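None of these values were measured; they are calculated from a predicted model. Starting from 1, each residue takes its place in the sequence as its number.
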Amino acid sequence: MTLTNLVRQHWAALRALLVFTAILGVGYPVFIWLVAQAPGLHSRAEGSIVTVDGTPVASELIGQSFTDAAGQPVPRYFQSRPSAAGTGYDPTASGASNLGPESIVDTPSQPSLLTQVCARSAAIGRLEGVDGSRPFCTGTGVGAVLSVIGPRDPHGIVQHPTRVVSVNEPCASGHRPFLTSYRGVPVQCATPGENYAIGQLVPIRGAAPAQPQVPADAVTASGSGLDPDISPAYAEIQVARVARARHITAAQVRAVVDRHRSGRQLGFLGEPRVNVVALNLDLDRMYPAVG
């Protein structure tokens, strides 16, 4: 290759670099910025920031936790769904717990997804005065899972257990497992640190209703951990508590909820939802709590 051809090729590459830098590095960002200044798009491009008396307090697109310093729900506010983003609704740590349906056995370092769901449901039931029971949950709010130990048949099923352990209920003073016996074998509580993987894991459905009063979004986090919305069903079970805390009627609270209720996008995408941040800000504006 001659020096002339080498110079020509490098000059062509340099010109291409300059052209694409001008188009993609300058022109395209400027075009997008100009589009974002259009009426109706500017506030969204800026993050859908919500202000109170000129002070930014939230974004319509990012949820918040409405809890006190001890992490307990503040009674006058509607509560958001759980969040696995950092310590909760941390936009710099967006993400999920990565626990799936097969996460049913607690470990020393982390409760299973099943136990997390059971515990949340029980806590919400106490807070809202509704039945917090769920299928496959014990009355104390942990996953109702047994390790059935004994010889297995060719399909891996233990037909004649010799020992049964409630794996998510550690032994404690006076504690009794959620089930007295299973197939005629007394159920034992779990000894911390002991591995019960040798047994067949059997979730026990229990007597909870098929449709729990506490809806699914109240006990599970979103994929991003930043979901600002809850279901109308979850909003409904919170109405009575918020009304009592603000000394207003349930009908007044429902009227505000209805103003912040959205239907499915394009009529068929997603589910009906209520924006919690906007709802709580509106309640503070219309019915400020005393004390």
Side-chain angles (χ1 to χ4, degrees), residues 1-67 71 78-103 107 109-110 112-113 116 216-217 219-231 259-282 285:
M1 179 180 291
T2 65
L3 178 63
T4 301
N5 289 336
L6 186 64
V7 170
R8 185 181 298 112
Q9 290 180 1
H10 281 74
W11 174 237
L14 178 60
R15 283 184 298 173
L17 174 64
L18 294 175
V19 169
F20 282 111
T21 297
I23 295 175
L24 301 178
V26 180
Y28 179 73
V30 170
F31 172 73
I32 295 299
W33 180 81
L34 290 174
V35 171
Q37 306 311 305
L41 295 179
H42 180 68
S43 64
R44 293 178 180 271
E46 295 296 320
S48 298
I49 302 300
V50 179
T51 61
V52 174
D53 297 329
T55 301
V57 295
S59 168
E60 292 181 357
L61 305 178
I62 299 177
Q64 292 186 15
S65 296
F66 294 90
T67 54
F78 280 83
Q79 296 299 304
S80 306
R81 64 186 303 182
S83 171
T87 57
Y89 288 102
D90 180 356
T92 67
S94 175
S97 68
N98 293 327
L99 298 178
E102 294 184 356
S103 175
T107 66
S109 61
Q110 184 179 43
S112 63
L113 176 61
Q116 291 183 39
D217 67 296
V219 296
T220 55
S222 65
S224 68
L226 307 178
D227 190 352
D229 303 317
I230 59 176
S231 67
R259 281 201 293 273
H260 295 281
R261 177 172 176 166
S262 303
R264 291 181 171 88
Q265 294 176 321
L266 302 179
F268 67 95
L269 293 176
E271 296 291 335
R273 60 200 184 279
V274 177
N275 188 290
V276 181
V277 173
L279 171 59
N280 284 332
L281 287 173
D282 212 5
R285 179 181 62 82

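Looking only at distances, a side-chain donor or acceptor of S94 sits under 3.5 Å from a matching main-chain atom of S224.
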Table please: side-chain donor-acceptor pairs of residues 259-266 below 3.5 Å, with sequence neighbours left out.
unit_1 : atom_1 : unit_2 : atom_2 : d
H260   : NE2    : D282   : OD2    : 2.9
R264   : NE     : G270   : O      : 3.0
R264   : NH2    : E271   : OE1    : 3.0

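Atoms CG and OG, from N98 and S103 in turn, are 11.0 Å apart once rounded to the nearest 0.5 Å. Interatomic distance, L99 CG to T220 OG1, rounded to the nearest 0.5 Å: 12.0 Å. Here CD1 of I23 is found 11.0 Å from CG of L18. Values are rounded to the nearest 0.5 Å. Going from atom OH of Y89 over to atom CZ of F66 covers 9.0 Å, rounded to the nearest 0.5 Å.
Every residue two or more places apart in sequence or in another chain was checked for a side-chain hydrogen bond (donor to acceptor under 3.5 Å, both in side chains) with T4, and none qualifies.
Using a 4.5 Å cut-off on side-chain heavy atoms (C-beta onward), Q64 and V276 make no contact. Contact annotation: the side chain of V277 approaches that of N275 to within less than 4.5 Å [non-hydrogen atoms, C-beta and beyond].
Residues S222 and G225 come closest through the heavy atom pair OG-N, 3.0 Å. Closest approach of L113 and P101 over heavy atoms only: CD2-N, 4.5 Å. The minimum heavy-atom distance linking R81 with D227 is given by the pair NH1-OD2, 3.1 Å. S97 and A84 make their closest contact through N-CB, 3.6 Å (heavy atoms, listed as atom of the first residue, atom of the second, distance).
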